[in-house]
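Each remark here refers to the structure printed beneath this line.
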Amino acid sequence: MSDTQLAIEVQHLTRRFGDFVAVRDVSFQVRKGAIFGLLGPNGSGKSTIIRMLLGILPPSEGGAIVLGRDAYIESESIKPRVGYMSQHFSLYADLTVRENLEFYGRIYGLDNVRLEERKKAVMELTGIDDFVDQLAGTLSGGWKQRLALACSLIHEPDLLFLDEPTAGIDPVARRHLWDLLFELSGRGVTLVVTTHYMDEAERCTDVGYLYLSRLLVLGKPDELKQLPQITPEGTRRFELRVPHVAEHLANLRQQPGVRDATLFGETLHVLIDEDVSPETLKSHLGVADQEIEMRPIAPSLEDVFVTLTANAEKEGAEVVGEEIAAEVSQPDEQLMPQKGLTAKPRKRVPGKPMFGLWAVLVKEFFHIRRQPITLFFMLVVPVMQTIIFGYAIDTQIENIPMVVLDLDGRKQSRDVISAFLNTRRFQLEQTAINSEQFHRALTSGRAKVGLRIPPDYSDKLLHGEQAQLQVLIDGSDSQVATTAQSTAQLLGLNLSIARAKSFADNLQVAPSRDPNGELALPIDARTRLLYNPGLESAHFFVPGLVGIILQLVTLFLTSFAIVRERELGTLEQLFVTPVGRMGLLLGKLFPYAMIGFVELLIVLAVMIYAFGVPINGSITLLLTLSMLFMVCSLGLGLFVSTVATTQLEAVQFAFIIMLPSVLLSGFMFPRSEMPLPIYLVTFAIPVTYFIEILRGIVLRAADFFDLIPSVIGLTLCGLMVITGSVMRFQKRL
Ligand SMILES: Nc1ncnc2c1ncn2[C@@H]1O[C@H](COP(=O)(O)OP(=O)(O)OP(=O)(O)O)[C@@H](O)[C@H]1O
């Protein structure tokens, strides 16, 4: 066969997954215009071969020429001429029939006029025009398959791969689909079909039978039936029709001269030695002669495969596979070597990187429109989160519950209690009447602070002796405890200073005086609070929260958008189209970047109007740097999608990224307080820089020059994340 007559030329194709060999040294040829059937039990390697021929799975050894080019290395230039209908329904369930067709038309680069022509043609061919505005996910199994066929034909391919196209559909739909395949074959399209159905195998012009990853046999159905192994010399094949046919199977197999007996519906196919007469065979059945029908038959394809599989099991698949494949068909060795194949791995020839961007973009907007829950998650939830967290996170500690045991009960002791309550740090939970009540309030957790005033408190003060107050603090919550401790100590100091001042006044002595000549403390440390004079927690936390929420939403959504396609099988379907890698990525990421930007504006508005945190610096600078951060965050989402294979894994990976972003970025805890190794890690977290930028611009009116270190950090993180993710995201499985 000449080079130009061949659609596919496969030589010594092998694919390993770790130690497991899924396809072992397979070679065959497919003529242009043929209907080539690839048969074999589950797991024999059919889909793996198709994926290698489509160029989405690299072979471990050997290779293939498809439409005159190396299937893997030059796959991008083959894709526009090839169609693929995968084993599972892998179109977009939330897009209508029309939208699916238009998407696949656009991704193959059809212009509007051509797209209309082709849409009409494939709808007529498959008869799907009546369902054009129905969502693909709501079609019945048979119509889904027709839609998949229509989509795979929209660009008029020369070669069509169909992986179990009739699995799970009824016999009438199966017949219709095959009628379509014949029509396509009649128009010169080469078809490669995998199937488990023998009647479908009979309809193929050529078949290859795989068993345990090897090609056992290859040829035209009629040639295969003539194979000497199927009906060996000195044997004959009969069909027996007898009542209760299954009951006779075991008995017949044990009779001398019976080589094989297999059930075929209501009949038995038996292979017997020529010297066993039909009468002898009948006599073994123990059934009246007139109830048995017996006629000689030629082997069916099922006989061929059943016999070959049984032989392979007996003798070991490897030996039989080599012998039979060699016997039936040998690929033309002449055709392969000059193509180079993949013997020496060469770099893949890239396609057009941005091809298909518009098609993917439009499709993503359709998805978003059809899933209001996604929009809710993207736009409404962040606002709710900002409001809830913004109010919930308050580092101002006030109203610490306090129990008081006043054993003195005079004016001085009541003044102390008032002084404690006037700080607003403490709130009187209980006035205990004895020590037991006092301690119980603390052990039960009702009170966090216990103030015990001894009976001689007033007396000691009046007599100029040092009086003691006992303040017991529950140290379980360190933040509350330290606040209570410092407040109590400061209060003790202030009360003492007040007493000392009045004492000094009475004596007319003073360590120092203020400019008005009034008695004053020697040192006056004056503090002034900048940027957040009211010490409002919201001013510090809400800008940080903007960064955290922006990362949360963009990271989850982008990683999900890609992993979901992988899980549904639509990504595999996209990989066999000529869509460019960047076209696919940008098309998928851009809509989420836009939504992220809108979300940013909304959350900033909440920050300004709900929490009264104004943006003191430049809004333009803030939005520009936010976009830089968004690129980083989308890149992280993309990275997750390259490591996760399921949506559940994506959630887990996204959490692994989110946790340090919340805890180590400086959003909650100051980075400077962290141990050195952890502190160094914080430099690798993009949101660290973004939070610095947000707080800088919002609170301190920082300009670009003030923020240069953070901008550099964020840019470096962005470059690393995006480069790593794009390199990892390959158009292959
Ligand atoms: N990515 C992979 N990693 C590991 N093993 C794989 C991978 N892909 C396929 N396999 C294994 O390779 C073998 C062949 O799989 P393949 O899907 O090609 O079989 P098949 O003949 O198409 O089966 P079926 O008729 O059930 O679709 C199977 O054992 C499968 O588990």
Side-chain angles (χ1 to χ4, degrees), residues 8-30 36-66 70-72 75 84 86-88 161-165 167 192-198 200-201 204 206-219 221 224 227 229-230 301-302 304-331 333 336 341-343 345 569 572 575-576 645 732-733:
I8 300 174
E9 172 80 36
V10 176
Q11 272 212 356
H12 306 296
L13 195 62
T14 297
R15 173 68 207 199
R16 295 191 193 84
F17 294 107
D19 291 338
F20 177 73
V21 185
V23 174
R24 188 189 295 265
D25 198 13
V26 166
S27 304
F28 62 86
Q29 297 173 339
V30 178
F36 183 83
L38 209 45
L39 279 91
N42 293 123
S44 53
K46 304 181 293 293
S47 304
T48 308
I49 291 181
I50 288 193
R51 286 177 182 141
M52 287 192 280
L53 296 182
L54 285 164
I56 54 174
L57 192 68
S60 307
E61 280 162 36
I65 299 290
V66 171
D70 187 295
Y72 185 64
S75 66
Y84 174 46
S86 70
Q87 191 170 3
H88 305 288
F161 289 95
L162 302 111
D163 198 355
E164 294 186 30
V192 176
V193 188
T194 72
T195 178
H196 290 291
Y197 298 109
M198 288 305 137
E200 292 184 358
C204 295
D206 303 84
V207 264
Y209 183 66
L210 287 162
Y211 181 70
L212 291 182
S213 77
R214 278 187 172 274
L215 188 64
L216 277 194
V217 75
L218 182 70
L224 300 184
L227 279 175
Q229 295 88 333
I230 309 304
L301 258 191
E302 186 159 335
V304 174
F305 298 134
V306 168
T307 310
L308 290 178
T309 306
N311 290 352
E313 274 169 2
K314 264 186 244 153
E315 297 168 35
E318 298 200 3
V319 180
V320 177
E322 272 159 20
E323 282 174 358
I324 297 175
E327 208 170 303
V328 176
S329 175
Q330 260 308 327
E333 295 281 344
M336 305 302 287
L341 281 178
T342 41
E572 179 173 336
F575 285 171
V576 305
T645 48
R732 62 172 210 216
L733 299 176

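Treat the numbers as computed from the prediction; the structure is a model and nothing was measured.
Across all non-hydrogen atoms, the minimal contact from Phe305 to Thr309 is O-OG1, 2.6 Å. The two residues Ile50 and Leu162 come nearest to each other via the heavy atoms CD1-O, 4.5 Å. Across every non-hydrogen atom of Glu572 and Tyr84, the tightest pair is OE2-OH, 2.8 Å. Here the closest non-hydrogen pair linking Cys204 and Pro221 is O-CG, 3.4 Å. When all heavy atoms of Leu224 and Val217 are compared, the closest pair comes out as CD2-CG2, 3.5 Å. The two residues Pro58 and Tyr72 have their closest heavy-atom pair at CB-CZ, 3.4 Å.
Between the CG atom of Leu308 and the OH atom of Tyr211 there is a distance of 11.0 Å, given to the nearest 0.5 Å. The NE2 atom of His196 sits 4.5 Å away from atom CG of Asn42, with the distance rounded to the nearest 0.5 Å. Atoms OG1 and CG, on Thr195 and Leu38 in that order, are 10.5 Å from each other to the nearest 0.5 Å. Rounding to the nearest 0.5 Å places CE of Met52 at 7.0 Å from OG of Ser60. Atom CZ of residue Arg16 and atom CZ of residue Arg24 lie 8.0 Å apart, to the nearest 0.5 angstrom. The CG atom of Leu57 sits 11.5 Å away from the OG atom of Ser75 when rounded to the nearest 0.5 Å.
In this structure the side chain of Leu39 reaches within 4.5 angstrom of the side chain of Met198, judged on heavy atoms. With contacts defined as side-chain heavy-atom distances shorter than 4.5 Å, the pair Val30/Asp206 does not qualify. In this structure, the side chains of Leu210 and Val26 come closer than 4.5 Å at one or more pairs of heavy atoms.
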* Could you please spell out the steps behind the side chain to side chain contact (heavy atoms under 4.5 Å, CB included) verdict for Leu227 and Thr307? => CA-CA 11 Å; Leu227 279 175; Thr307 310; over 6 Å; no
* Test side chain to side chain contact (heavy atoms under 4.5 Å, CB included) on Phe17 and Thr48 and set out the steps. => CA-CA 11 Å; Phe17 294 107; Thr48 308; 4.1 Å; yes
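In terms of the side-chain hydrogen bond (donor to acceptor under 3.5 Å, both in side chains) criterion, residue partners of Thr194 (sequence neighbours excluded) are, by chain and number, Asp163.
Residue pairs that meet the salt bridge (Lys or Arg N to Asp or Glu O under 4.0 Å) test with at least one member in residues 38-50, sequence neighbours left out, do not exist here.
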